[in-house]
Amino acid sequence: MLRILIVGASSAIAEATARCYAARGARLFLIARQSQRLEDMASDLKVRGAADVAFATLDVNQLDAHGDVLSQAWTWLGEVDAMLVAHGTLPDQNACEASAELAVKEFNTNGTSTIALMTLAANRFEAQRHGTLAVISSVAGDRGRQSNYLYGSAKAAVTAFASGLRQRLTKVGVNVLTIKPGFVDTPMTRDFKKSALWAKPESIARSIVRAVDRGRSVVYLPWFWLPIMLIIRHVPEFVFKRIKL
Amino acid sequence: MSSVGQSWGRYPVAAQTIIDITDRHRPLPTVNGVVLPYGNGRSYGDSCLNDGGTLLRARGMDRYIRFDPFTGQLECEAGLLLSDILDLVVPQGWFPPVTPGTRFVTVGGAIANDVHGKNHHVTGTFGQHVLNLELLRSDGSRMVCSPELHPDWFAATVGGLGLTGLITRATLQLRRIAGPWMSCETRRFRNLDGFFHLSESVAARHEYTVAWVDCVSTGDGLGRGLFTCANHAPASPDVKPGAPNRHLSMPFTPPVSLINPLSLRAFNSLYFHRQREDIAHATTHYVPYFYPLDGVGNWNRIYGPHGFMQYQCVVPPTAAQEGIKQLLEVVARGGDGSFLAVLKQFGNQPSPGMLSFPRPGTTLALDFPNQGERTLRLLDKLDDIVAAAGGAVYPAKDARMNGQRFRQYFPAWEAFSHFIDPRFSSSFWRRVAE
Ligand SMILES: Cc1cc2nc3c(=O)[nH]c(=O)nc-3n(C[C@H](O)[C@H](O)[C@H](O)COP(=O)(O)OP(=O)(O)OC[C@H]3O[C@@H](n4cnc5c(N)ncnc54)[C@H](O)[C@@H]3O)c2cc1C
Ligand SMILES: NC(=O)c1ccc[n+]([C@@H]2O[C@H](COP(=O)([O-])OP(=O)(O)OC[C@H]3O[C@@H](n4cnc5c(N)ncnc54)[C@H](OP(=O)(O)O)[C@@H]3O)[C@@H](O)[C@H]2O)c1
């Protein structure tokens, strides 16, 4: 039986992923901020086929609570076959330009907290010597862009951290998976105008599960963001700084 | 999604703000103007639209709460699709006791229109299998309603067109099945009398019955068609059934309707003669049997940019034979035909909702490409016949009946109006009741 741990479990992408694992009969431990939401998810996932579901509440910016919550999860699950770190916010870039305090807070939510969680989880994975540590970064982390570089820089930190961690953990049989979604239609992006480039959380979730199964290192979701980001990353700086993206 | 805030007939066009409801524990959002719940937009006309107001899109409330595989009781949030429920419960030997002709409807939408299926003569309407539901009102109050608890609110909300408040969750009683297969029998009938004769003779032996009618044919062949009846098959059918349906989709809206007199005549004739024998037997998976149209994504686009209008009426038993004949004559004479003409006998169970559409009699469903005035005039003529026969027209498929007709068809409308939430309204309701 699969043992799955999800942080930021109430995110639309994470919830859809949890449903895929529930349908496979997995045992799930969920971590998020709102206990009512977690209770609702737990009953839902059980009906959908999960062997069992437990949960704990956590505000990820409370770094000193991470150790305790992870230890609860590991105790309940025994070992973890896959852990998904999915929480995040989409900061208001203009507001972050006006307030250093806000900029740092948003950076912490999207970057620091994730790195802190992965640091502790990595040691547990290293000890159990198998499993997948998956993290949702973003295509936005591939290159800082005027429209959302605070968010982008936090995701860039996550991507770089995951890359280094992967080198370290591969040696003990643990996979680190970096997930880079493009535009996904979720509460985070409620106010955006949607076009053909937008994906549904259900299809992103299915791809995440497949990437975990196949032991992939880095995935762009959907795949067409790979060539798009390849181009964006290679636009020379003297051109890049003159355009607006 | 491109079809958000549209109805399935793609007519009329309405402009409204859309708010996603994902958390059933929160109070309703406060907005200026009136709101209306929106399920999956599978109603054809304007009963799921709220021009100039707000739609509360309930699809995000899609969590199960409890399912007991021993009793078949399922409690879930109102935005879950019937298709999701089927995927979960069919492998466990359960089935919704009532299903409409598409599985892409939400539980809330199925309750609010008190939908019916091909087995109405056996199981009645969807609302008859709702054990309880929770209603959330704009004043923040919540009420669990059932036939025993607040029965008046239950009767108002089942078939209540989304006007009494937001249904957040419901408990349904499912029914047992042995497996996903259906054993079906299709018989050809050469005129309308043939339909009524078959309805009487074979309906008793079959849970599901429905007939397709050729509405191009006139004279002796008026009302000829194919009568299909079916039962859930035993666990392992002797015949190896074909695979469930393929996936086609209408990728764009053609500039003109592809449904025209020529294509109609060809289709109706081919369909009538599609089987060589007068009686054909088959074992089919439940998906193509119940939901043949779900196999073609966005099939509603085939009617072009102006969309189409459905018309579904019921004519009471005493007037049925004559009434249906007159309706088919008007349609055949009009030359507009109808691609999908469906006839069925409703059973005699009283429907649970104040505004439920199903009642004893014969129901006829037709659809027409929207040709503006011409189509509206034709449908008014049909209304004259239905009204004279003491029948009714189905609000879930209506975009045009006038208020006077509605109030005649649904005499409980005035008593019902006291249950309407003061912050709720719909394009449909403003059209027919105000
Ligand atoms: C191909 C096809 C075949 C069909 N066959 C049949 C059939 O055989 N029998 C039949 O009866 N109908 C049939 N229908 C009609 C369809 O079943 C109904 O219109 C159904 O109500 C649509 O459900 P929906 O979830 O899409 O709701 P919508 O169309 O979005 O809304 C329908 C009504 O429900 C209300 N509503 C939605 N959610 C809630 C909620 N959470 N709380 C309160 N009110 C809510 C809305 O305000 C609206 O009044 C068919 C439709 C199609 C497209
Ligand atoms: N949507 C996109 O287009 C897109 C694109 C690329 C990457 N991503 C990434 O995908 C991941 C999932 O996002 P989503 O699109 O599914 O959006 P979402 O539904 O809005 O999910 C974001 C989640 O993060 C949680 N969260 C925020 N701050 C938190 C905190 N301090 N402590 C604990 N939890 C917190 C939120 O919890 P609450 O429910 O309690 O608020 C929410 O569940 C994120 O990492 C996001 O950056 C999204």
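Values reported hereafter were calculated over all heavy atoms of this structure, with side chains retained and with hydrogens, waters and symmetry mates removed. A note on names: the letters A, B, ... follow the listed sequences, proteins ahead of strands, and every chain is numbered from 1. For clarity, every value in this text was computed on a predicted model and none was experimentally measured.
By the neighbour-count criterion of 12 heavy atoms within 6.0 Å, atom CG of N32(B) is sparsely surrounded, having that number or fewer from other residues, nucleotides or ligands. At most 12 non-hydrogen atoms from other residues, nucleotides or ligands lie less than 6.0 angstrom from CZ of R26(B). Counting non-hydrogen atoms of neighbouring residues, nucleotides and ligands closer than 6.0 angstrom, the CZ atom of R216(A) reaches no more than 12 such neighbours.
Here the side chains of R63(B) and R37(A) are in contact, with some heavy-atom distance below 4.5 Å.
Neither the backbone nor the side chain of D84(B) comes within contact range of chain A; no heavy atoms are under 4.5 Å apart. Of the two parts of E15(A), only the side chain, counted from C-beta on, holds a non-hydrogen atom closer than 4.5 Å to a non-hydrogen atom of chain B. Contacts between R169(B) and chain A at a heavy-atom distance below 4.5 Å are absent for every atom of the residue. Proximity to chain A (any heavy atom under 4.5 Å) is restricted, for L80(B), to the side chain, taken from C-beta onward.
The two residues V47(A) and L88(B) have their closest heavy-atom pair at O-CD1, 3.3 Å.
Between chain A and the options D20(B), T22(B), D62(B), D87(B), the largest number of non-hydrogen pairs under 4.5 Å is found for D62(B).
Within residues 19-34 of chain A, the residues having any heavy atom closer than 4.5 Å to a heavy atom of chain B are R19(A), Q34(A), listed by residue number.
Rounding to the nearest 0.5 angstrom, the gap separating the CZ atom in R190(A) from the CD1 atom in I18(B) is 12.5 Å. Here E77(B) contributes atom CD and D40(A) contributes atom CG; the two are 6.0 Å apart, rounded to the nearest 0.5 Å.
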